[in-house]
Visitor: 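Handing you this structure, nothing more for now.
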Amino acid sequence: MEPDSPTVPKRTLTQILFVLFLRIVAMTCFWFGLQYWAMLVGYTLDGRGRFDLLSLPWQVAAPSLAVLFPVASLGLWLAVSWGPVLYALAAIIQFLMYNLWADIFGANVFVLLFHAVVALLYLLFRIAFWLEDRRRAEQVTPR
């Protein structure tokens, strides 16, 4: 006789904190996406950020980020593998915009700092997962 429901392994504290971290970043990504959409439709900046009034570089970057950020937000909220990939793509675009091409897009230190902190925390979580897997493998392997 089979059990009614399959057994699901209990999540570790690191896994729970990682999902919480992803969801906080997801909310921030959704906020970034809303800001870009509000700019593009003329809701913010007194209508000066409407798509038809933007320069060509902004006409390329803003709609791309307006789509990327909400989709990345969904992937991060669901904690699926493509969420961090899309977030990284959007973060790289913003890094290039506000650092490399600051003469065109202006400088935004807050956004750059935010992406750097998120990248650092993500890296720390990945290291923690690697250490957990290694410790778990050592416990299973007889000496």
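Atoms considered below: every heavy atom in the structure, side chains included; atoms not considered: hydrogens, waters and symmetry mates. For clarity, every value in this text was computed on a predicted model and none was experimentally measured.
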Visitor: Using side-chain heavy atoms (C-beta onward) and a distance below 4.5 Å, is Tyr122 in contact with Val25?
Guide: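 Counting from C-beta outward, Tyr122 and Val25 never come under 4.5 Å.
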Visitor: Hydrophobic clusters here meaning ILVMFWY residues chained together by side-chain heavy-atom distances under 4.5 Å, can you tell me if Leu76 and Val85 are in one?
Guide: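 No, because Leu76 and Val85 fall into different hydrophobic clusters, even though each may have its own neighbours under 4.5 Å.
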Visitor: Side-chain contact test, heavy atoms from C-beta onward, threshold under 4.5 Å: evaluate it for Leu65 versus Met39 and give yes or no.
Guide: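 No, side chains not in contact.
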Visitor: According to a 4.5 Å side-chain heavy-atom criterion applied to Ile, Leu, Val, Met, Phe, Trp and Tyr, with indirect links allowed, do Phe110 and Leu96 form part of one hydrophobic cluster?
Guide: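 Same cluster: Phe110 reaches Leu96 through Ile, Leu, Val, Met, Phe, Trp or Tyr contacts under 4.5 Å.
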Visitor: Would you say Phe69 and Tyr43 are hydrophobically clustered, going by side-chain heavy atoms of ILVMFWY under 4.5 Å?
Guide: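 No, separate clusters.
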Visitor: Evaluate side-chain contact (heavy atoms from CB on, under 4.5 Å) for Phe129 paired with Phe18, printing each intermediate quantity in order.
Guide: CA-CA 10 Å; Phe129 286 140; Phe18 182 64; 3.6 Å; yes
Visitor: Check the hydrophobic clustering (I, L, V, M, F, W, Y; side-chain heavy atoms under 4.5 Å; chains of links allowed) and say if Val60 and Val67 are grouped together.
Guide: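 Different clusters: Val60 never reaches Val67 through Ile, Leu, Val, Met, Phe, Trp or Tyr contacts under 4.5 Å.
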Visitor: Describe, in one word, how the ring planes of Trp58 and Tyr36 are oriented to each other, choosing from parallel (under 30°), tilted (30 to 60°) and perpendicular (over 60°).
Guide: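 Rings of Trp58 and Tyr36: tilted, as their planes differ by 30° to 60°.
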Visitor: Give a yes or no on whether the backbone of Leu112 and the side-chain of Gln94 come within a donor-acceptor separation of less than 3.5 Å.
Guide: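 Pair absent, no side-chain N/O of Gln94 close to backbone of Leu112.
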Visitor: Is there a side-chain contact (heavy atoms from CB on, under 4.5 Å) between Val111 and Met97? Walk through the geometry before answering.
Guide: CA-CA 11 Å; Val111 169; Met97 283 172 58; over 6 Å; no
Visitor: Within the distance-only criterion (no hydrogens, no angle test), does the side chain of Arg50 pair as donor or acceptor with the backbone N or O of Val41 below 3.5 angstrom?
Guide: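 Flag not set: sc Arg50 to bb Val41 has no pair under 3.5 Å.
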Visitor: Report yes or no: does Trp37 contribute a side-chain atom to a donor-acceptor pair with the main-chain N or O of Ala66 at less than 3.5 Å?
Guide: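 The answer is yes, because a donor-acceptor pair under 3.5 Å joins these two groups.
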Visitor: Could you walk me through whether Leu131 and Ile127 pass the side-chain contact (heavy atoms from CB on, under 4.5 Å) check?
Guide: CA-CA 6 Å; Leu131 291 173; Ile127 291 170; 4.1 Å; yes
